[in-house]
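So the structure is just underneath, and the comments pick up after that.
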Protein chains: 2
Amino acid sequence: MSTDENLASEHQESEARPAEARVEAFIGVREARRSEVAEDYVELIAELIHEQGEARPVDIAARMGVTAPTVAKTLGRLARDGLITRAKYRSVFLTEEGRALAKECRERHEIVLRFLLRLGLDPETAERDAEGIEHHVSQRTLALFSDFADRN
Amino acid sequence: MSTDENLASEHQESEARPAEARVEAFIGVREARRSEVAEDYVELIAELIHEQGEARPVDIAARMGVTAPTVAKTLGRLARDGLITRAKYRSVFLTEEGRALAKECRERHEIVLRFLLRLGLDPETAERDAEGIEHHVSQRTLALFSDFADRN
DNA sequence: AATGATTATTAGCCGAAGCTAACTTTTTAC
DNA sequence: GTAAAAAGTTAGCTTCGGCTAATAATCATT
Ligand SMILES: [Mn+2]
Ligand SMILES: [Mn+2]
Ligand SMILES: [Mn+2]
Ligand SMILES: [Mn+2]
């Protein structure tokens, strides 16, 4: 017999089988959470390089709204994970992998933002919500958002 | 003179003033992240109480896809924060505050889910994305989602 | 070239949220 | 009513991502 055939032997409700799908959702969300900070950092680093020619920790800290030591520690993780390179007291560079991730994040961010604006949201709230939502949209949802923003 | 009048003295770009709005967005997202787990737990606890009559740690663990000790520790935080009450080796109860939060989360979850389905997303992906997105939609966005789901 | 201001790093603290291993309590089966 | 199974708890470990305080390096001004 299957491992969890009659888990709800007594209290079987009218639902099809939501529990199994639900647990997968939770696991997926926890997975997504683990890359949120890295995504925001590489996106911002790419922006700074584009806008200012280089990404300095002091500017990362200012734009992220965190302290310099927090930035330093996070950059350590990004370097460990192969997304950036850095030398002591120098500004930060994206690796190939980091650039690819940054591009992906920027595009996703823009699609979510355009979508929210098209829905009728004010720019400040749209920016705020997009910054959080962007990390939790699947490719399918992103495609639908993009269609909607273009179509309407 | 103001504290940050000419931060971008040299590299002033064409943007209006996105940096200040941006940092507020990041701060807001970090704030929202701090309640994600609590929200998912109280929502699930309310569901279990409704479906099964009681919320037992073993069922919370199964549905959340985490281990029993993780549940125990999280329940400790929820109790500390006044969202649940519990006695050793007994099932979990929501406080008034916990019930209120659970209701709010359930309604928000449903609006986001209905919205995604109405957009054309398949149910599994919709459930997955809703589980993450729900924690990052403002009241305004929620209202727009609700309107869209009803209208279309 | 010296010095003061700015920037960056390091050390060390904290809480959240995950885990395994070990133990206790409760429930179930016989 | 006892023994086994299930459920719950506790202890202790880890990583992440925040912080402050202290130190070190770089940059700018003269
Ligand atoms: Mn973001
Ligand atoms: Mn972003
Ligand atoms: Mn959720
Ligand atoms: Mn939910």
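Numbered from 1 within each chain, the chains take letters A, B, ... in sequence-line order.
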Taking any heavy-atom pair under 4.0 Å as a contact, classify A:Arg77: base, sugar-phosphate, or nothing.
base

Distance check needed: D:dG17 P versus A:Leu75 CG, whole Å only.
12 Å

Measure from CG on A:Asp59 to C1' on C:dA8 and round the result to the nearest Å.
13 Å

Under 3.5 Å: donor-acceptor pair, side chain of B:Ser146, backbone of B:Ile111:
no

Report the residue (B:Arg90 or A:Ser35) whose heavy-atom-nearest nucleotide on DNA chain D is the more 5′ of the two.
B:Arg90

Once you apply a heavy-atom cut-off of 4.0 Å, does A:Arg33 come out as touching a base, just sugar-phosphate, or nothing?
nothing

Where do N or O atoms of nucleotides 22-25 of chain D meet protein N or O atoms at under 3.5 Å, pair by pair?
from	atom 1	to	atom 2	distance (Å)
D:dA25	O4'	A:Tyr89	OH	3.3

When A:His109 is tested against each of A:Arg114, A:Glu39, A:Glu134 for side chain to side chain contact (heavy atoms under 4.5 Å, CB included), which residue passes?
A:Glu134

Checking contacts here: which listed nucleotide (D:dG17, C:dT9, D:dG12) is nearest the side-chain heavy atoms of B:Lys73?
D:dG12

Walking DNA chain D from its 5' end, the first of A:Arg56 and A:Thr74 to be reached, judged by nearest nucleotide, is A:Thr74

Does the side chain of B:Thr74 come under 3.5 Å of the side chain of B:Arg77 through a donor N or O and an acceptor N or O?
yes

If I take atom OH from residue B:Tyr41 and atom CD from residue B:Glu36, how far apart are they, to the nearest 0.5 angstrom?
13.0 Å

Select base, sugar-phosphate, or nothing to describe what A:Arg30 touches, counting heavy atoms under 4.0 Å on all strands.
sugar-phosphate

